[in-house]
Protein chains: 2
Amino acid sequence: MENIRELLQTTMIRFGLVDKNCCSINGIDISLVQSHILYEIDKRHHPSMQEIADVLAIDITTFSRQIQSLIKKELVEKRQSIQDKRVYELHLTTIGKVVATSINTQMNEYMKEVFSHMSEEEKETVIRSLSILNDSMAKSTMCCNPIR
Amino acid sequence: MENIRELLQTTMIRFGLVDKNCCSINGIDISLVQSHILYEIDKRHHPSMQEIADVLAIDITTFSRQIQSLIKKELVEKRQSIQDKRVYELHLTTIGKVVATSINTQMNEYMKEVFSHMSEEEKETVIRSLSILNDSMAKSTMCCNPIR
DNA sequence: GATTTTTAATTGCATTTTGCAAGTATTTGT
DNA sequence: ACAAATACTTGCAAAATGCAATTAAAAATC
């Protein structure tokens, strides 16, 4: 069995680098974490703060501040839930949506480039493998207990 | 083509979580980044500072301070190179070596647990796929230009 | 052989990120 | 009605980050 730790570690670092390039959209600068937050809000239906913090495994207090920063940048809106007034629903603003989409397009572009170094068959195998790995991690007790 | 960005993103986050658990060895607490540094020093032969900073894509000034912190914890030693006095060779101390090995064992344990949710065939495919992905990223211009 | 340029590493800021402890407000359970 | 749990915020204080500037040594140029 090969050294999986190393493999995953360098893969992470490299993907992180690709990811980092993606965070400047005409004048609007956001951090890597913030791009992940935008992505998750975009993907879900009016999620709560806790929900996103859990998914991204960010401490809730840090998350609270990150959201404040995104609100100041007018990319995110917080709306108090009517059913449960403790909860705030997160929404992307129009600009936020544009930024999220823009980053996503960029990232897919980058990923396409990365995958262009593979054969069609390899490409499929790799994607399927990532799914399998991801699912296995989700099942693991080592991480991901709160993370779906 | 599936959403690769999402797949990689959540895989990264999950691996990062596993990775984070690994950094406390009987009283000695180190950060995730520091565990990566120990790993890379262990792996290479008396590397220079620049070398490791490049591999891990850490800014050299940040790296310099991280090394200082690891030296203070007596996990790492810096020895001025004789051939080129600008360069400092990085060495693990005896304790440093123990810590690095301990983290590595722990991580492999965790990884084994994660991979236990797969069939033998899947396991092989996943590992091979990660290799392919890694190589493709290395070839990419998007990241990894200084990173091998 | 002297001088310029490049390279390896450190230090000084100033900013950002982080997370624990403690707090408020609301809801749920008893 | 009251206790416990939940969602979120704020106050620190520590850690991490990165740019600009510096030192020291090596390599390149003249």
Exercise. Which part of the nucleic acid does B/Gln83 contact within heavy-atom distance under 4.0 Å: base, sugar-phosphate only, or nothing?
Worked result: sugar-phosphate
Exercise. Is a side-chain donor-acceptor pair under 3.5 Å present for B/Ser81 with B/Gln83?
Worked result: yes
Exercise. With the threshold set at 4.0 Å, does a side-chain nitrogen-carboxylate oxygen contact exist between B/Arg128 and B/Glu124?
Worked result: no
Exercise. Once you round it to whole Å, what is the distance between C1' of D/dA7 and CD of A/Gln50?
Worked result: 6 Å
Exercise. Base, sugar-phosphate, or nothing for A/Phe63, non-hydrogen atoms under 4.0 angstrom?
Worked result: nothing
For this session: Select from B/Ser64 and A/Asp84 the residue whose nearest nucleotide in DNA chain C is closer to the 5' end of that strand.
Result: B/Ser64
Problem set entry | Separation of C/dA9 C1' from B/Asp54 CG (nearest whole Å) | 13 Å
Exercise. Are any of B/Gln68's side-chain N or O atoms less than 4.0 Å away from OP1 or OP2 of C/dT11?
Worked result: yes
Problem set entry | Any donor-acceptor N or O pair under 3.5 Å, side chains A/Gln68, A/Lys78 | no
Problem set entry | B/Thr61 (side chain) and D/dC19 (base): donor-acceptor pair under 3.5 Å | yes
Exercise. With a 4.0 Å cut-off on heavy atoms, is B/Ser48 in touch with a base, just the backbone sugar-phosphate, or nothing at all?
Worked result: sugar-phosphate
Exercise. Any side-chain N or O of A/Lys78 under 4.0 Å from OP1/OP2 of D/dA7?
Worked result: no
Exercise. Given C/dG19, is OP1 or OP2 found less than 4.0 Å from the side-chain N or O atoms of A/Thr62?
Worked result: yes
Exercise. For the pair made of NZ in B/Lys85 and C1' in D/dA27, what is the distance, rounded to whole Å?
Worked result: 16 Å
Seminar exercise, completed: Rounded to whole Å, CD of A/Glu89 lies from C1' of C/dT26 at a distance of 16 Å
Exercise. Which whole-number value in Å describes the distance from B/Ile60 CD1 to D/dT23 C1'?
Worked result: 15 Å
Seminar exercise, completed: Rounded to whole Å, the CG-P distance (A/Asp59 to D/dA15) equals 16 Å
Problem set entry | A/Gln80 side chain to A/Lys85 backbone, donor-acceptor under 3.5 Å | yes
Exercise. Think B/Gln66 has a side-chain N or O under 4.0 angstrom from the OP1 or OP2 of D/dA15?
Worked result: no
Exercise. Nearest-Å distance, CE (B/Met49) to C1' (D/dA25)?
Worked result: 15 Å
Exercise. Given that A/Arg65 and A/Arg86 both sit by DNA chain C, which one's nearest nucleotide is further toward the 5' end?
Worked result: A/Arg65
Seminar exercise, completed: To the nearest angstrom, the CD1-P distance between B/Ile30 and D/dA15 comes to 14 Å
Exercise. If you find the nucleotide of DNA chain D closest to B/Gln34 and the one closest to B/Gln80, which residue's nucleotide is nearer the 5' end?
Worked result: B/Gln34
For this session: Could you list the residues that satisfy ring-ring contact (aromatic ring centres under 6.0 Å, His included) with B/His46, not counting sequence neighbours?
Result: B/His91
